[in-house]
Amino acid sequence: MDQSYQIDVTSSLISPDISIHNLATTKPIKLGVMASGNGSNFEVVAQAIANGQINAKIQVLIYNNPKAKAAVRAENHGVKSVLLNHRDFKTRADLDRQIVQTLRQHDVDFVIMAGWMRLVTQELIDAFPDRIINIHPSLLPSFKGVRAVEQALAAGVKITGCTVHLVCLAVDSGPILMQAAVPILPDDTVETLHARIQVQEHRILPLAIANIGNG
Ligand code: GRF
């Protein structure tokens, strides 16, 4: 293949184009993080705080899946974690009421959904209006909901990415705060593409939180 047509797989475009080093947050944000699985996004946020790149403290991690690796990561960072297993609650609203109570008990100002795989209800949204963000593995408004990476591959788009947005009741539909674009390569599988999208997630989620800290 002609060199000039090769794609730089590490290339990406982040909007807005800003550096975390320019973002000295003015006051510490008290974060609550919600995660269901691996927790790599939790990890980068915890690291950005430890490195002094974000002026924040993770007050509590809430996880719903007893096997979530995010809980192990929290322990490694000395962050308290609380298991709220969705199977122990009759309705989504019951679970969300308990989540709100837990977030309030831990004096949380701002909520980060970092791979939280449950639909949320008005209970949670009303308790933290415009103070819940989510990271989603597509360029919203394309490919909302589950299996977003698979959806992008199936649609044959050539560029996808990830989005940090405010959470509202409609799934993956709140105002967009930050996005990163990722090229789709001819041989991509869900796994290879998701891995490259995650590299960008790990850049924009701390940036978005730092931005929030700046008001
Ligand atoms: C991420 O791809 C995020 O966009 C989606 O769930 C995944 C969580 O990954 N909402 P991790 O658990 O943070 O590694």
Side-chain angles (χ1 to χ4, degrees), residues 12-15 31-50 54 56 58 60-77 79 81-86 92 99 110-120 124-125 132-155 157 159-184 188-209:
S12 69
L13 177 66
I14 291 182
S15 176
L31 301 175
V33 181
M34 296 165 60
S36 299
N38 180 31
S40 67
N41 282 288
F42 170 89
E43 183 76 40
V44 292
V45 173
Q47 277 170 9
I49 291 170
I54 305 175
I58 303 177
V60 65
L61 166 77
I62 294 175
Y63 63 109
N64 65 307
N65 168 9
K67 292 184 182 154
K69 195 176 165 200
V72 178
R73 297 180 189 269
E75 196 179 348
N76 291 342
H77 282 277
V79 170
S81 62
V82 174
L83 171 64
L84 296 178
N85 190 334
H86 56 278
R92 291 184 195 281
I99 290 172
F110 209 95
V111 183
I112 314 293
M113 287 174 34
W116 179 255
M117 303 307 284
R118 308 292 304 167
L119 295 176
V120 297
L124 179 59
I125 290 165
I132 308 172
I133 62 171
N134 181 45
I135 176 104
H136 181 77
S138 78
L139 287 178
L140 291 172
S142 294
F143 313 126
K144 297 175 182 178
V146 291
R147 291 190 283 279
V149 179
E150 209 173 311
Q151 289 183 53
L153 276 177
V157 296
I159 296 174
T160 185
C162 48
T163 302
V164 178
H165 64 96
L166 287 177
V167 173
C168 67
L169 200 53
V171 177
D172 299 327
S173 298
I176 291 170
L177 302 180
M178 194 169 286
Q179 293 185 305
V182 175
I184 296 184
D188 260 335
T189 62
V190 172
E191 290 72 30
T192 59
L193 180 54
H194 195 197
R196 288 204 319 288
I197 290 172
Q198 286 226 286
V199 171
Q200 302 308 323
E201 290 185 345
H202 299 162
R203 295 172 75 187
I204 66 171
L205 184 59
L207 279 171
I209 296 169

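Atoms within each ligand, like the ligands themselves, are counted from 1 in listed order. As the structure is a prediction and not an experimental result, all values here were calculated from the model. Numbering starts at 1 and runs along the sequence shown.
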Report task. Would you indicate whether the side-chain heavy atoms of N41 and Q198 approach each other to under 4.5 Å? Result -> yes
Query raised in the report: If only atom types and distance count, is the side chain of E150 paired as donor or acceptor with the main-chain N or O of V190 below 3.5 Å?
Result: no
Report summary line: Contact set, ligand 1, heavy-atom distance under 4.0 Å, ordered by chain/number, equals N38, G39, S40, N41, G115, I135, H136, P137, H194, Q198, E201
Query - Working for side-chain contact (heavy atoms from CB on, under 4.5 Å), residues I209 and I49 - result: CA-CA 10 Å; I209 296 169; I49 291 170; over 6 Å; no
Requested in this report: Output the distance between atom CG (L61) and atom NE2 (H77), rounded to the nearest 0.5 Å.
Outcome: 11.0 Å
**Report entry** Pairwise side-chain contact, V33 with V79, heavy-atom cut-off 4.5 Å (strictly under)
**Finding:** no
Query raised in the report: Is a donor on one side and an acceptor on the other found under 3.5 Å between the side chain of D172 and the backbone of G145?
Result: yes
